[in-house]
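Quick caveat, the model's predicted, so the values are computed rather than measured. Chain letters run A, B, ... following the sequence lines, proteins first, then strands; residues in each count from 1.
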Protein chains: 2
Amino acid sequence: MPQRAKKAGTAKIRSAAFRRIRADHSSELAEDYVELIADLIDEKGEARGSEVAMRLGVANATVVKTLKRLQDSGLVTQEPYRSIFLTGDGWKMAEDGRRKHKIVEGFLLALGISEETARIDSEGIEHHVSEETLRAMARFLARKGS
Amino acid sequence: MPQRAKKAGTAKIRSAAFRRIRADHSSELAEDYVELIADLIDEKGEARGSEVAMRLGVANATVVKTLKRLQDSGLVTQEPYRSIFLTGDGWKMAEDGRRKHKIVEGFLLALGISEETARIDSEGIEHHVSEETLRAMARFLARKGS
DNA sequence: ATGGAAGTTTAGCATTGGCTAAACCTATTG
DNA sequence: CAATAGGTTTAGCCAATGCTAAACTTCCAT
């Protein structure tokens, strides 16, 4: 029954895609946090929990809890009642996020999307694009931009 | 202090984007389920929970639990030990998902992405593209395709 | 008609990510 | 230098999404 075999193969690939999406989702929050923290440090010299909470649109307490997990993962460090710092790994992740973000947002703008929408959509999309797709977007951008 | 005012404004927009992403995530699972169920019904005449579990790459029990929620949301119906059906709303959501999926995947292919990657990335991206971006992708596709 | 294999569901647990309310520090200002 | 306002953390709750192991149905083959 080659039918069966073929279908099982397809199913496996499909499930791999969904697995990757679930994995992406766990890292997504972390990336958003570190990227935002990096922005705050660059913009204002320091990142406060309450500022992170405001920009992400969540409660203060949620940020505290999440930062604990990020600290356990070795992405940030923080003393109680003090501002937040990124570790080496944290900075690496933040830079990578910014890089992806810039490519995706620039690409959407090049496609003719409005600034508003480009900003919103790129925020959602950046965590789900493979390097291959990023390369294609960058290529498109380069051709268009020149 | 116009500085402050401007920054607060930006923050509000940013947080709106993140809020939307969080909202997208809740509907994302539902969309994946109904889309997959629709595919199974079309492909094999019926959708069994175990088949859904296999294709999504999750345990059977997880599917059972999620289907209960989807039933409460009025997207699917199911009798114990029987196969799964979509309600009118369920079909509507499935069709919408397929539509988005087709546009995004076609767009990625048109960009020169490999089939494998296009399938995987489109699965993740489809839930985060606005109608505006979809329209731009469709436009691009039409121009390219003709 | 029934016994057992295969398929489904239940039970119970863990983690993530959200919230509010209350407790707790810090730092400014009078 | 003390009071207090404002920022931060804790405590305790909830829902969603995942898992494994055990219980339970269904249905096919003898």
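A straight line from CG of A/Asp32 to P of C/dG17 spans 11 Å, rounded to a whole angstrom. Between A/Leu70 atom CG and C/dT16 atom P the separation is 11 Å, expressed in whole Å. The interatomic distance linking A/His25 (NE2) with D/dA16 (P) rounds to 17 Å, in whole Å. C/dT16 atom P lies 15 Å from atom CD of A/Glu28, rounded to whole Å. Rounded to an integer number of Å, the gap from B/Ile21 CD1 to C/dG17 P is 14 Å. Taking atom CD of residue A/Glu46 and atom C1' of nucleotide C/dA27, one finds them 13 Å apart after rounding to whole Å. Here the C1' atom of nucleotide D/dA16 and the OH atom of B/Tyr33 are 11 Å apart, to the nearest Å. With rounding to whole Å, B/Leu75 atom CG is found 13 Å from D/dA16 atom P.
No side-chain heavy atom of B/Ile120 sits less than 4.5 Å from a side-chain heavy atom of A/Glu132.
Between A/Thr66 and the phosphate of C/dG17, there is no side-chain N or O to OP1/OP2 separation shorter than 4.0 Å.
Across all strands, B/Arg69 comes closer than 4.0 Å to base atoms (heavy-atom distances).
Residues B/Phe85 and B/Trp91 are members of separate hydrophobic clusters, defined by side-chain heavy-atom contacts under 4.5 angstrom among Ile, Leu, Val, Met, Phe, Trp and Tyr. A/Leu111 and B/Leu109 are members of different hydrophobic clusters when ILVMFWY side chains are connected at heavy-atom separations under 4.5 Å.
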Return a table of donor-acceptor pairs under 3.5 angstrom between the side chains of residues 71-82 of chain A and protein atoms on other chains or two or more places apart.
unit_1, atom_1, unit_2, atom_2, d
A/Gln71, NE2, A/Gln78, O, 3.2
A/Ser73, OG, A/Arg69, O, 2.8
A/Gln78, NE2, A/Arg82, O, 3.1

Protein-proximity profile, nucleotides 1-11 of chain C, B/S/- by nucleotide at the 4.0 Å heavy-atom cutoff, equals ------BBBBB
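Aromatic ring pairs are classed by plane angle as parallel below 30°, tilted from 30° to 60° and perpendicular above 60°; the pair B/His128 and A/His128 is parallel.
Evaluated for a side-chain hydrogen bond (donor to acceptor under 3.5 Å, both in side chains) with B/His101, the options B/Arg119, B/His127, B/Glu126 yield exactly one hit, B/Glu126.
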